[in-house]
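Nothing fancy with the numbering, it's 1 onward along the sequence.
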Amino acid sequence: MYFTDRGIEELAQRRGEEQVTLEWLAEQLRTFVDLNPDFETPVERLATWLARLDDEDEDPDE
């Protein structure tokens, strides 16, 4: 288990029953980056990865 799995597990336990829109998630990510600018690159990578999940012809190393 990675250290980050703890946060993911907490998220699933605390908010796993909720339904949210991707617009809501995007706004929360923007707020998080505003408060934690050192995490801009990882959040950008996560957002891009989520946005492109259905792109089968996309090179995963890009």
- Non-hydrogen atoms of Phe39 and Val33 that approach each other most closely: O-CG2, 4.4 Å
- Item | Leu22 reachable from Leu11 in the ILVMFWY side-chain graph, under 4.5 Å edges | no
- Task: Not counting sequence neighbours, list each pair that qualifies as a side-chain hydrogen bond (donor to acceptor under 3.5 Å, both in side chains) and has a residue in residues 17-28.
- Result: Arg15-Glu18, Glu27-Arg30
- Message: Tell me which pairs pass salt bridge (charged side-chain N to carboxylate O under 4.0 Å, His left out) where either residue lies in residues 31-47, with sequence neighbours left out.
- Response: none
- Query: If you group Ile, Leu, Val, Met, Phe, Trp and Tyr by side-chain heavy-atom gaps below 4.5 Å, do Val20 and Leu46 land in one group?
  - Reply: yes
- Among all residues two or more places apart in sequence or in another chain, which pass the side chain to side chain contact (heavy atoms under 4.5 Å, CB included) test with Leu53? Trp49, Leu50
